[in-house]
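Read the structure below first, then the notes.
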Amino acid sequence: MTPCATARSWFAGSIGRLARFMTGRRAELVLACLILAAATAVRVVKLDTLPRILAGDELDNLQTAYHIIEGTGPGPFGFDWKPAPALGLYPLAWSVRIFGNGVWSFRMFPVVMGVLTLALFYPLARQSMRPFAAVASLALLGSNLWFLHFSRTAWDNINSALFAVGACLCASRAIDSRGWRWWAGAGAFSALGMYGYFTGRFIIVAVLVQVALAVALRTLSWRDAVRGGALVTLIAAVLVAPLAVNVLEDWDYFNRRTQMVSVFNTKQPYEGDTNGWVIAAKNVVRNYRGFVLQDGSEFRRGLWTRYGPPGAPPLDLLTTHLFWVGMVVAVVRFRQSFHWWPYFIPLFISEVFSRGTPDLARGVLFAPFYFLYVGLGVDALGQVVETWGRRATATAAAILAIGVVAAGAWNIREYFLWQSRDAVQMQRLPGIDRCEWELWRDMAREAARLGNGGVNGAEFEARRRVLDCSPVVRATWTR
């Protein structure tokens, strides 16, 4: 046998072995792991330089983390600067301890939260759809510009998405299996939601509604529902009890930030109205147009310039249409999709009863659930195409796969183009430039070590003017 023939034989044999290996469940897991790896890579590339400006909320969170590290900060059941439960920022302190003192190190906190959300999303998706649809929805979620942005900036709101997906997964498994460990898991994730970003406080409501729907659909008996719901509530109550003591002692302080944006505390006209119920009613329409109809013009209130490109809705064009298809299919297949619907509740409460909405930061809890509907849409379309024959099915799958890759690449490209513009970075101020990081970090660590509240603003401003290394910051001096 000639060398060329030997090489051809080896190559053909390798392809055959690979084809046999990449079958069924194994191929699905390999693809899912590759997508997770790619999503992780996109989240860590240039993490220390994009976003270039470290926004004020990032820095305030980091100062709390430094105080936790130095032993001068709040305990896990105390409050951070917002105020919110300080336990939500303990993972940020762990990130600094593990990865070091760079910008990259503390921004690994949202990266890890985002990737863990993706990892839990996939088994949740697979409960209601076939592998191709689940893989496609995972790829679209992993590359979605909105979700990617909050996976790269050290705000803590992305933890609400992780806890919501975890709670939904555990509750759905508990409903199917009656296993007490899954009920306990749903209770634990519900409790974590109360320690995280404020929209996560309503995760337990979604879980209990999920259980009630299972009873209404006769998927779960009343007896099992009462037992499961009681266990969820008990686990959550036990885990939240230490925090609850502090909350009850200082209720007004704990709810200060929530009260600041509440429609019922409107003193000056908001969009022409001062009555809280009128604003809430109009918010229903605004948020429906923004989050369901994907009208990008609605995302122009509050701090929208920090959360997405001007005029851009949460979903790209392809994903939007798949989402709409999936919503219709989810209504028709309500017995299959009922687990997801209750997670509109945290989105509804946080967006309708606060000003400055639709707001992508408050709504990020629901981001993964969008893509469950997207996946269901893909699954339904696949079932229709399968009736056309094997060749048509293969062609449609290839076209959709190309579309998913193209949409993902477009979103990633748009994210980096958007964040590379100085004008966009100016909208993240007040904050500091990457070139000012070492100065600010040393001052913050020293303040934390001494137990001071934080960086002395006047001293830092004087020293950054001497440093004068940032064209973005300098532009604000001359405006």
Side-chain angles (χ1 to χ4, degrees), residues 55-57 60-61 79-85 88 146 149-150 155-157 160-161 164 193-194 196-206 209 247-314 341-367 370 426-431 476 479:
D57 284 1
D60 288 334
N61 285 341
F79 303 130
D80 66 13
W81 63 275
K82 290 187 276 294
W146 171 33
H149 178 47
F150 284 100
W155 295 315
D156 56 341
N157 44 16
S160 63
M194 296 181 194
Y197 188 63
F198 79 95
T199 53
R201 299 173 193 174
F202 307 106
I203 290 175
I204 191 168
V205 177
V209 171
V247 170
L248 292 174
E249 287 180 352
D250 208 344
W251 178 259
D252 291 337
Y253 177 69
F254 176 69
N255 285 289
R256 185 183 64 184
R257 192 175 180 91
T258 304
Q259 293 298 320
M260 287 174 60
V261 299
S262 171
V263 296
F264 301 111
N265 288 329
T266 304
K267 305 301 181 185
Q268 301 297 324
Y270 171 75
E271 302 279 335
D273 299 296
T274 55
N275 184 287
W277 288 109
V278 172
I279 297 171
K282 291 185 177 180
N283 275 349
V284 171
V285 177
R286 292 166 185 147
N287 283 279
Y288 177 78
R289 289 174 58 87
F291 283 111
V292 177
L293 300 184
Q294 302 296 304
D295 182 353
S297 67
E298 290 293 341
F299 295 91
R300 56 180 175 79
R301 302 175 181 87
L303 297 174
W304 65 269
T305 54
R306 296 187 181 186
Y307 303 148
W341 291 97
Y343 293 85
F344 272 102
I345 294 173
L347 179 70
F348 178 88
I349 294 174
S350 62
E351 299 285 347
V352 169
F353 296 109
S354 61
R355 299 187 300 274
T357 66
D359 182 279
L360 290 175
R362 298 170 207 169
V364 75
L365 176 149
F366 194 75
Y370 264 123
M426 286 181 67
Q427 292 160 0
R428 293 173 62 84
L429 295 170
T476 67
R479 280 194 300 181

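Quick caveat: nothing in here was measured; it's all calculated off a predicted structure.
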Could you report the tightest heavy-atom contact between [X] and [Y], atom names first, then the distance?
{"X": "Phe202", "Y": "Ile349", "answer": "CZ-CG2, 3.6 Å"}
{"X": "Ser350", "Y": "Pro346", "answer": "OG-O, 2.9 Å"}
{"X": "Pro314", "Y": "Phe291", "answer": "CG-CD2, 4.2 Å"}
{"X": "Phe299", "Y": "Ala312", "answer": "CD1-O, 4.2 Å"}
{"X": "Tyr197", "Y": "Ala361", "answer": "CE2-O, 3.6 Å"}

Indicate yes or no: at least one non-hydrogen side-chain atom of [X] is less than 4.5 angstrom from one of [Y].
{"X": "Glu271", "Y": "Ile279", "answer": "no"}
{"X": "Asn61", "Y": "Trp81", "answer": "yes"}
{"X": "Pro83", "Y": "Arg256", "answer": "yes"}
{"X": "Phe198", "Y": "Ser160", "answer": "no"}
{"X": "Val247", "Y": "Phe79", "answer": "yes"}
{"X": "Arg301", "Y": "Asn283", "answer": "no"}
{"X": "Leu365", "Y": "Ile203", "answer": "yes"}

Separation of Phe264 CZ from Asn275 CG (nearest 0.5 Å):
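The CG atom of Asn275 sits 8.5 Å away from the CZ atom of Phe264.
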Calculate, to the nearest 0.5 Å, the distance between atoms CZ and CG belonging to Arg201 and Asn255 respectively.
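Reported to 0.5 Å precision, the distance equals 6.0 Å.
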Are there more than 12 heavy atoms of other residues, nucleotides or ligands under 6.0 Å from atom CZ of Phe353?
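Atom CZ in Phe353 is crowded, with more than 12 foreign heavy atoms closer than 6.0 Å.
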Report the C-alpha separation of Arg362 and Thr357 in whole Å, then their side-chain angles, then the decisive distance to 0.1 Å, and conclude whether the side chain to side chain donor-acceptor pair (under 3.5 Å) test is met.
CA-CA 9 Å; Arg362 298 170 207 169; Thr357 66; 5.4 Å; no
Give a yes or no answer on whether the side chain of [X] reaches the backbone of [Y] with a donor-acceptor pair at less than 3.5 Å.
{"X": "Tyr270", "Y": "Gly356", "value": "yes"}
{"X": "Arg355", "Y": "Ser262", "value": "yes"}
{"X": "Glu298", "Y": "Pro358", "value": "no"}
{"X": "Asn287", "Y": "Phe348", "value": "no"}
{"X": "Trp146", "Y": "Leu360", "value": "yes"}
{"X": "Arg428", "Y": "Arg306", "value": "no"}
{"X": "Asp295", "Y": "Ser297", "value": "yes"}

Centres of the Phe366 and Phe344 rings: under 6.0 Å?
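Yes - the distance between ring centres of Phe366 and Phe344 falls below the 6.0 Å cut-off.
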Tell me every residue that passes side chain to side chain donor-acceptor pair (under 3.5 Å) with Asn265, counting only those two or more places apart in sequence or in another chain.
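Applying side chain to side chain donor-acceptor pair (under 3.5 Å) to Asn265 gives Gln259.
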Taking side chain to side chain donor-acceptor pair (under 3.5 Å) as the definition, give me every residue that meets it alongside Trp155, ordered by chain and number, with sequence neighbours left out.
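Checked Trp155 against side chain to side chain donor-acceptor pair (under 3.5 Å); zero matches.
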